[in-house]
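In what follows, every chain begins at residue 1, and chains take the letters A, B, ... in the order their sequences are listed.
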Amino acid sequence: MNQDRRDFIRKAGIGALAGIGAAAGLIPLFALEKTDLSVFSDKPVPGKTRWGMLVDTRKCGEGCTECIVRCHHDHNVPDFGKSKSEVKWIWKSGYEQAFPTASKQFQSSDLAHRKVLTLCNHCAEPPCTRACPTEATFRRWDGIVSMDYHRCIGCRFCMAACPYGSRSFNWQDPRPALKTLSPAYPTRERGVVEKCNFCSERLAKGQLPACVESCPEKALSFGDLNDPKSEIRMMLASNETMQRKPELGTLPSVFYII
Amino acid sequence: MIEKALKGSRGYWAWVALLLVLIGLGISAYARQMSLGLGVTGMGRDISWGVYIAQFTFLVGVAASAVMVVLPYYLHNQKAFSKIVIVGEFLAVSAALMCMLFILADMGKPQRVLNVLLYPSPHSMVFWDVMVLNGYLFINLISGWAVLGAERKGVPPAPWTRPLIYLSIPWAFSIHTVTAFLFAGLPSRHLWLTAVLAPRFLASAFAAGTALLILITFILKRVAAFDAGQEARSKLAVLSAYAGTANFFFLGTEFFTAFYSNVPAHKQSLQYLFFGLEGHAPFVPWMWLSVITGLVSVGVLMAPSLRRQSNWLIAACTGLVLSIWIDKGVGLVIGGFVPSPLEEIVDYMPTATELSVTLGIWAIGLLVLTVLLKTAIAVKTQE
Amino acid sequence: MSKFLRTAVAFFIAIAVFAGTWLFMQSGHGTAAAAHAAVPAAAARVVPVDSTRCIAQTEWMRAHHMQLLNQWRHDSVREGNRTHVTRDGRMFDKSLNTCLGCHASNPMFCFMCHQYANVKPTCWNCHISPMESNK
C-alpha cells in the first residue's frame, strides 16, 4: 500500500513539475523568453493511463461496510434500501453472484459464503458506452467509464447493456433519500443513470479513491494498469487473479484475488 | 382532404370521444409520471424496461408489416390489394407514431430527446432506430397521402411517389431489423443475444401485422361499409399463415439451441418464461397461451376451407395477434431481464399509472388511424 | 431506366449529405475543444490561485457566466482539461466549486440575480447550492 502511495506522490510530482514548466511559459514573469501558448496542452493523452483496481477478497472483512458507507456518503448516493429503486455504486455480492460462470461444484464452504466487493468494472471495451445514443456515458482518456449527467436522456440502454448490474437509474428524486449532503460533490436528478466514477474528482487532486483509502484491511489496491512498474501490475503478476465474466470480452479493469 | 374526417355518423363521433377520454386518462397518468419519476411504474433496478419498450417492439412489427401489401401491389401488380394498400400504409403511420410515443414515455429525461440528434452516435443502435422510424413514418404518410390526393382529383399520382414507395419496401425491413439489433447486440442478455432475433422479429411482425390488417378490413366493412375485398383478405391470410409458421419455427430453434446445448445462461430466460425458474413463474400460463393460440391460429389460416369462412378467419387472426402480442409485447422484453446480471430473479408487475399511459398512447395511435382511414374511405367511396 | 437512375442519384445524394453533415458536426466538436487547451491539470493545484479578483470582469461574467460554466463542464468532464488561464495569466480549476469558493460567502449571490431576471436555471437540482451547504 505504501508503495502505491509513493507511486501517487511521484506521479503528482511529475504533474507539478510539468505544471510549473507550463506556468513559466504562460506567466511572462517566469519565462525567459516569449512562448506560444498553443504549445502547451492541458488535454491529457488518451489511452496513456488506464486506472484499475485489485480487490483482495481474502482480506475483505466480513460484515465490514466502511468503503461502501464512505463512497455513498462522499458521492451523495441516495439510500432507498433494497427496493426496486435502489441506487448503488459499490456493494457486496455473493461469490456465485459475482462470478456466475465460475466453477460451483464441490467448492469450500468458505468460498460459497464469501462476499465479493462489486462496482463498475471500467471496462476497456465497455458495452454500455457503445449502447449510449448521446455519448452521455463514455470512456475517458484515463480508462474511466464516465457519466455526463447533463447529457443523459434516461433511456437506460446502458443498464440493459451492462453485464455486471453496475448501473442504477434515478427512479425518483434522490434528494429526500439523502441523510447528509456532501457539498463537494453534486447529487443527481430524477431520470438519469449513475454509477461508480472511480473517484475521478479525487484523482484530479492526486488522491486515491475513497473506497481504497477507507478500507481498514487495505484490501484494495489502485493504480495504472498501463504502467508495467506500478504496484497493481506487480501484484497482478505475482497473484492469481480473476475478472468478472471475462468470456464477454469487456476487459474489466477491476481484478479480484480469491 | 383532412376535412373529410370532420363529417361522420353518430357512431364515429362516439368512437372519437371514447378515444379522447382514454387519451386524457393517459395524459394525466403521464403527468404523474413526469412529476414523480419513472418510479411510479413497475420497472426497477433489475427489470429496467417494461410495458413501454415491449409495446414499442410489438408496434414496430405492425408498422413494418405494411410492406406485406405494398410489395405485392407495387412490385407484383397484385390488383387485389388496390383497396387495402392505403389501409396498410396508414396503419404503418399510426404504429410508427405510437412507437415513438412509447420511447418518449420510457425516457427519464424526455426534454432532452434532441440530444440523440445533437450528438449523433452511429455506434448506438438507438440512433439508427430513431432515424429509420422517423423516416418510415414520413415516407408512408407522404406517399399514402399523395396517392390518395391524386385519386381524389382523378389524376395519376405524381411521378415522385413511386420511388418513395419503392424506398419504403427495404425501409420496412430495416426498421424491424434495427429494432432487433437494439436487443441482439447486448452481451449477457442471453434471451436476446441470438442471431435469429432479427429474422424472428420480421416473421412475427408479418404474421401479426397482416392478421391485424385483416381484422381492420372486417371492422371497416362493418362500420364504414368499405370492403377491401375477399380476395385481398384470403391472400393476406396465406401470407400471415406462412409468416406465423416461420415465427414458430424460429422459436423452436431457440428452444433446441438452449436446451440441447444445456448451457445454463442460454436456458434460464426460456425456463423463466415457459416453465418457471426457482419458483418464479408469473409468465408461464401466458406464454403457453401464446404458443397454443398461435399454433392453432396458424393451422386454421393454413386450411383453405376454414380461412374462407369469415368467422374462422376473424378468430384465427385475433388468436395470432394475441399470441404474438403476448410473446413480443410482454415476454420477450421482460424475460430478457431475468435472471439479472447478478443472478437474481425479480418479478415485474406494471402499475396502474404505467397501464394508463400505455392505453393513452394506444388511443392516440387509434385516433390517428381513425382520422386517416376516415379520410381515405371518404375519398375512395366518393362521398 | 433514366427514372431509376434519377432515383438512385437522389438517394445517393441524400446519404452523402447526411454523412457530410454528420462528419461536419463531429469535426466541429473536436476543433472547438482543442482551441481551449491550456496547461496540465496539476498546474491548478501547485500554482497559488489568485482569488482576490474574479476570473473576468463583472460585466462580462454577468452576461456570459452560463456559457463559461458550460464550456468548463465540457472541458473538465469530457476532455480532462481542467485549468482555466485568464488573460492576465492567473490559473483556476475549471469547477463550479472554484466559483463557489468565493461567491458562496454570500449565499444569496446566485439567487438574487436569478430571481430578479426571472430565470430558473436547473443547476441546484444536483449541485449543492450555497443556501444548502451553509446551513
Side-chain angles (χ1 to χ4, degrees), chain A residues 80 82-88 91 93-94 96-101 104 118 123 125 127-136 138 148-174 189-193 244-245 247-250, chain B residues 33-49 53 103-104 106-130 182-183 185-189 192-193 263-265 268 333 336-337 339-344 346-348:
Chain A
F80 290 112
K82 195 153 172 55
S83 65
K84 75 179 181 65
S85 301
E86 187 183 14
V87 178
K88 51 190 177 186
W91 69 100
S93 307
E96 286 181 11
Q97 280 74 49
F99 302 99
T101 44
K104 288 173 194 171
T118 39
C123 307
E125 289 289 339
C128 53
T129 62
R130 219 180 301 140
C132 178
T134 61
E135 285 172 63
F138 57 100
D148 186 341
Y149 302 116
H150 290 243
R151 199 185 275 190
C152 177
I153 61 171
C155 69
R156 308 191 293 292
F157 246 90
C158 54
M159 292 176 76
C162 177
Y164 307 103
S166 295
R167 291 176 164 270
S168 309
F169 182 72
N170 282 282
W171 297 99
Q172 57 212 72
D173 185 9
E189 214 181 350
R190 163 171 60 70
V192 298
V193 171
R244 290 174 66 198
K245 303 190 184 176
E247 70 275 13
L248 299 177
T250 55
Chain B
Q33 179 184 306
M34 280 301 284
S35 63
L36 296 176
L38 279 161
V40 298
T41 68
M43 294 183 274
R45 194 176 195 286
D46 294 300
I47 300 198
S48 48
W49 287 335
I53 294 294
I103 292 280
L104 214 58
D106 187 64
M107 278 170 47
K109 290 254 165 244
Q111 62 270 46
R112 294 182 186 167
V113 65
L114 287 176
N115 278 3
V116 176
L117 302 176
L118 282 173
Y119 310 103
S121 318
H123 53 71
S124 168
M125 285 300 120
V126 182
F127 168 72
W128 291 106
D129 214 36
V130 169
L182 290 177
F183 296 99
L186 306 178
S188 191
R189 305 278 182 192
W192 305 335
L193 187 68
V263 176
Q268 280 165 337
V333 171
F337 285 105
S340 79
L342 288 153
E343 300 283 293
E344 278 162 348
V346 179
D347 290 325
Y348 161 84

Under 3.5 Å: donor-acceptor pair, side chain of [X], backbone of [Y]:
| X | Y | answer |
| --- | --- | --- |
| A:Arg151 | B:Asn115 | no |
| A:Lys245 | B:Pro341 | yes |
| B:Arg45 | A:Lys82 | no |
| B:Arg112 | A:Gly154 | no |
| A:Lys84 | B:Gly39 | yes |

Quick one: which of [options] has the most heavy-atom pairs under 4.5 Å with chain A, could you say?
| options | value |
| --- | --- |
| B:Val40, B:Leu38, B:Leu186 | B:Leu38 |
| B:Pro110, B:Ala265, B:Gly42, B:Ser48 | B:Ser48 |
| B:Gly37, B:Gly336, B:Gly108 | B:Gly108 |
| B:Met107, B:Arg189, B:Glu343, B:Met43 | B:Met43 |

* Starting from the C-alpha separation in whole Å, work towards a yes-or-no answer on side-chain contact (heavy atoms from CB on, under 4.5 Å) for A:Trp91 and B:Leu342. => CA-CA 12 Å; A:Trp91 69 100; B:Leu342 288 153; 3.5 Å; yes
For the candidates [options], which exhibits the highest count of non-hydrogen atom pairs separated by less than 4.5 Å from chain B?
| options | result |
| --- | --- |
| A:Cys162, A:Gly249, A:Gly94, A:Cys132 | A:Cys132 |
| A:Thr101, A:Asp173, A:Thr134 | A:Thr134 |
| A:Ala161, A:Pro127, A:Gly165, A:Ala160 | A:Ala160 |
| A:Met159, A:Glu86, A:Arg130 | A:Arg130 |
| A:Ala131, A:Ala136, A:Cys152, A:Cys128 | A:Cys152 |

Go through the atoms of [X] and report whether side chain, backbone, both or neither lie under 4.5 Å from a heavy atom of chain A.
| X | value |
| --- | --- |
| B:Phe183 | neither |
| B:Ile103 | neither |
| B:Glu344 | side chain |

Honestly, the part of A:Glu247 sitting under 4.5 Å from a heavy atom of chain B is neither
For A:Thr250, which atoms come within 4.5 Å of any heavy atom of chain B: side chain, backbone, both, or neither?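 Nothing of A:Thr250, per the 4.5 Å heavy-atom cut-off to chain B.
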In this structure, CZ of A:Arg190 is separated from OG of B:Ser35 (nearest 0.5 Å) by 7.0 Å
- Any side-chain heavy-atom pair of A:Arg156 and B:Asp106 under 4.5 Å: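 SC-SC contact between A:Arg156 and B:Asp106 confirmed.
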- Task: Provide the closest heavy-atom pair for B:Thr41 versus A:Trp171 in the form atom of the first, atom of the second, distance.
- Result: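 For B:Thr41 and A:Trp171, the tightest heavy-atom pair comes out as OG1-CZ3, 4.4 Å.
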